[in-house]
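Down below is the structure, laid out as C-alpha coordinates.
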Amino acid sequence: MVSFPRVERSKPPTDVLSRLLGPGAALASIHPATGAIYALRSFDREALPEAELLVRVTDGGSPPLSSSATVRLTVTDRNDNAPVITHPLPGNGNVNGSACVITL
(Lines give C-alpha, C1' and ligand atoms only; values in the text may rest on other atoms or scores of the structure.)
Protein backbone atom coordinates (compact mmCIF):
# COMPACT_ATOMS: atom_id res chain seq x y z
CA MET A 1 0.00 0.00 0.00
CA VAL A 2 1.23 3.46 -0.94
CA SER A 3 -0.03 6.58 0.82
CA PHE A 4 0.58 10.21 0.04
CA PRO A 5 0.42 13.09 2.51
CA ARG A 6 -2.56 15.35 2.11
CA VAL A 7 -1.71 18.75 0.68
CA GLU A 8 -3.84 21.65 1.85
CA ARG A 9 -4.66 23.82 -1.19
CA SER A 10 -7.37 26.04 0.22
CA LYS A 11 -4.95 28.55 1.72
CA PRO A 12 -3.31 31.15 -0.50
CA PRO A 13 0.49 31.17 -0.51
CA THR A 14 1.95 33.64 1.96
CA ASP A 15 5.34 33.96 0.33
CA VAL A 16 4.31 35.58 -2.96
CA LEU A 17 5.58 39.06 -3.75
CA SER A 18 3.86 41.26 -6.38
CA ARG A 19 5.36 44.49 -7.69
CA LEU A 20 4.93 47.03 -10.46
CA LEU A 21 7.83 47.78 -12.79
CA GLY A 22 8.50 50.46 -15.39
CA PRO A 23 6.77 53.81 -15.94
CA GLY A 24 3.41 52.45 -14.72
CA ALA A 25 4.80 52.28 -11.20
CA ALA A 26 4.36 56.07 -10.98
CA LEU A 27 0.61 55.73 -11.71
CA ALA A 28 -0.42 52.93 -9.39
CA SER A 29 0.66 50.79 -6.48
CA ILE A 30 0.20 47.08 -5.93
CA HIS A 31 -0.37 45.25 -2.67
CA PRO A 32 2.68 42.97 -2.47
CA ALA A 33 0.79 39.96 -1.05
CA THR A 34 -2.66 40.18 -2.66
CA GLY A 35 -1.80 41.78 -6.01
CA ALA A 36 -4.62 44.35 -5.72
CA ILE A 37 -3.81 47.40 -7.85
CA TYR A 38 -4.63 50.91 -6.58
CA ALA A 39 -4.48 54.21 -8.48
CA LEU A 40 -2.14 56.76 -6.92
CA ARG A 41 -4.16 59.67 -8.33
CA SER A 42 -7.27 60.33 -10.40
CA PHE A 43 -6.81 60.14 -14.17
CA ASP A 44 -8.00 62.53 -16.89
CA ARG A 45 -8.82 60.81 -20.19
CA GLU A 46 -7.69 63.82 -22.23
CA ALA A 47 -4.24 63.70 -20.61
CA LEU A 48 -3.84 59.91 -20.29
CA PRO A 49 -6.28 57.77 -22.30
CA GLU A 50 -4.48 54.52 -21.45
CA ALA A 51 -1.41 53.14 -19.72
CA GLU A 52 0.32 49.82 -19.33
CA LEU A 53 1.36 48.43 -15.96
CA LEU A 54 4.00 45.69 -15.84
CA VAL A 55 3.34 43.33 -12.94
CA ARG A 56 5.94 40.83 -11.73
CA VAL A 57 5.06 38.14 -9.22
CA THR A 58 7.75 36.11 -7.45
CA ASP A 59 7.30 33.24 -5.02
CA GLY A 60 9.47 32.37 -2.05
CA GLY A 61 10.44 28.92 -3.30
CA SER A 62 13.89 27.54 -3.81
CA PRO A 63 14.69 28.39 -6.50
CA PRO A 64 12.23 31.29 -6.61
CA LEU A 65 9.86 31.28 -9.60
CA SER A 66 8.49 34.44 -11.17
CA SER A 67 6.17 35.54 -13.91
CA SER A 68 5.26 38.86 -15.50
CA ALA A 69 2.08 40.20 -17.07
CA THR A 70 1.04 43.49 -18.61
CA VAL A 71 -2.14 45.09 -17.30
CA ARG A 72 -3.67 47.63 -19.67
CA LEU A 73 -5.42 50.51 -17.92
CA THR A 74 -8.07 52.24 -20.08
CA VAL A 75 -9.37 55.55 -18.76
CA THR A 76 -13.00 56.25 -19.66
CA ASP A 77 -14.30 59.76 -20.04
CA ARG A 78 -16.86 61.43 -17.86
CA ASN A 79 -18.23 64.92 -18.06
CA ASP A 80 -15.78 66.74 -15.80
CA ASN A 81 -16.75 70.14 -17.21
CA ALA A 82 -19.86 71.64 -15.64
CA PRO A 83 -22.39 73.06 -18.12
CA VAL A 84 -22.63 76.86 -18.28
CA ILE A 85 -25.72 78.81 -19.38
CA THR A 86 -24.40 81.50 -21.70
CA HIS A 87 -27.64 83.07 -22.99
CA PRO A 88 -29.73 84.58 -21.56
CA LEU A 89 -27.44 85.46 -18.69
CA PRO A 90 -28.54 83.91 -15.39
CA GLY A 91 -30.43 86.41 -13.24
CA ASN A 92 -30.91 88.74 -16.19
CA GLY A 93 -34.62 88.69 -16.84
CA ASN A 94 -37.17 85.97 -17.31
CA VAL A 95 -35.94 82.74 -18.90
CA ASN A 96 -39.47 81.42 -19.53
CA GLY A 97 -40.29 81.36 -23.22
CA SER A 98 -36.69 82.02 -24.22
CA ALA A 99 -34.20 79.51 -25.50
CA CYS A 100 -31.14 78.92 -23.35
CA VAL A 101 -27.73 78.24 -24.81
CA ILE A 102 -25.81 75.74 -22.72
CA THR A 103 -22.08 75.32 -23.29
CA LEU A 104 -20.46 72.06 -22.24
Side-chain angles (χ1 to χ4, degrees):
M1 182 173 151
V2 177
S3 65
F4 296 95
R6 181 172 180 224
V7 177
E8 182 68 42
R9 297 193 190 280
S10 63
K11 295 180 183 176
T14 57
D15 56 352
V16 174
L17 175 65
S18 304
R19 58 192 166 134
L20 288 175
L21 304 172
L27 302 173
S29 66
I30 189 166
H31 189 281
T34 67
I37 297 175
Y38 302 94
L40 294 176
R41 59 181 175 86
S42 59
F43 301 119
D44 183 7
R45 185 183 186 323
E46 287 80 12
L48 180 74
E50 65 179 35
E52 289 187 351
L53 308 174
L54 178 60
V55 179
R56 177 173 298 265
V57 179
T58 306
D59 71 8
S62 180
L65 301 175
S66 65
S67 184
S68 298
T70 300
V71 176
R72 175 164 286 153
L73 171 70
T74 302
V75 180
T76 57
D77 202 10
R78 72 173 190 184
N79 187 6
D80 51 358
N81 300 315
V84 177
I85 298 176
T86 58
H87 180 76
L89 296 176
N92 188 15
N94 187 356
V95 187
N96 293 333
S98 300
C100 292
V101 177
I102 299 177
T103 305
L104 298 176

Would you give me the side-chain donor-acceptor pairs under 3.5 Å for residues 51-60, sequence neighbours excluded?
residue: E52; atom: OE2; partner: R72; partner atom: NH2; Å: 2.5
residue: R56; atom: NH1; partner: S66; partner atom: OG; Å: 3.4
residue: R56; atom: NH2; partner: S68; partner atom: OG; Å: 3.3
residue: D59; atom: OD1; partner: G61; partner atom: N; Å: 3.2
residue: D59; atom: OD1; partner: L65; partner atom: N; Å: 2.7

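Evaluation of the side chain to side chain contact (heavy atoms under 4.5 Å, CB included) rule for S67 yields no partner, not counting sequence neighbours. Residues meeting the side-chain hydrogen bond (donor to acceptor under 3.5 Å, both in side chains) test with S62, sequence neighbours left out: none. With sequence neighbours excluded, no residue satisfies side chain to side chain contact (heavy atoms under 4.5 Å, CB included) with S42.
Looking at every heavy atom in both residues, A25 comes nearest to L40 through O-CD1, 3.9 Å. Nearest heavy-atom pair, S18 versus G35, reported as atom, atom and distance to 0.1 Å: OG-CA, 4.0 Å.
Both V71 and I30 are part of a single hydrophobic cluster, where members link through side-chain heavy atoms under 4.5 Å apart. In this structure, L20 is a member of the same hydrophobic cluster as V16, with clusters built from ILVMFWY side-chain heavy atoms closer than 4.5 Å.
The hydrophobic cluster containing L27 also includes F43, L48, L73, V75, under a criterion of side-chain heavy atoms closer than 4.5 Å among ILVMFWY residues, counted directly or through chains of members.
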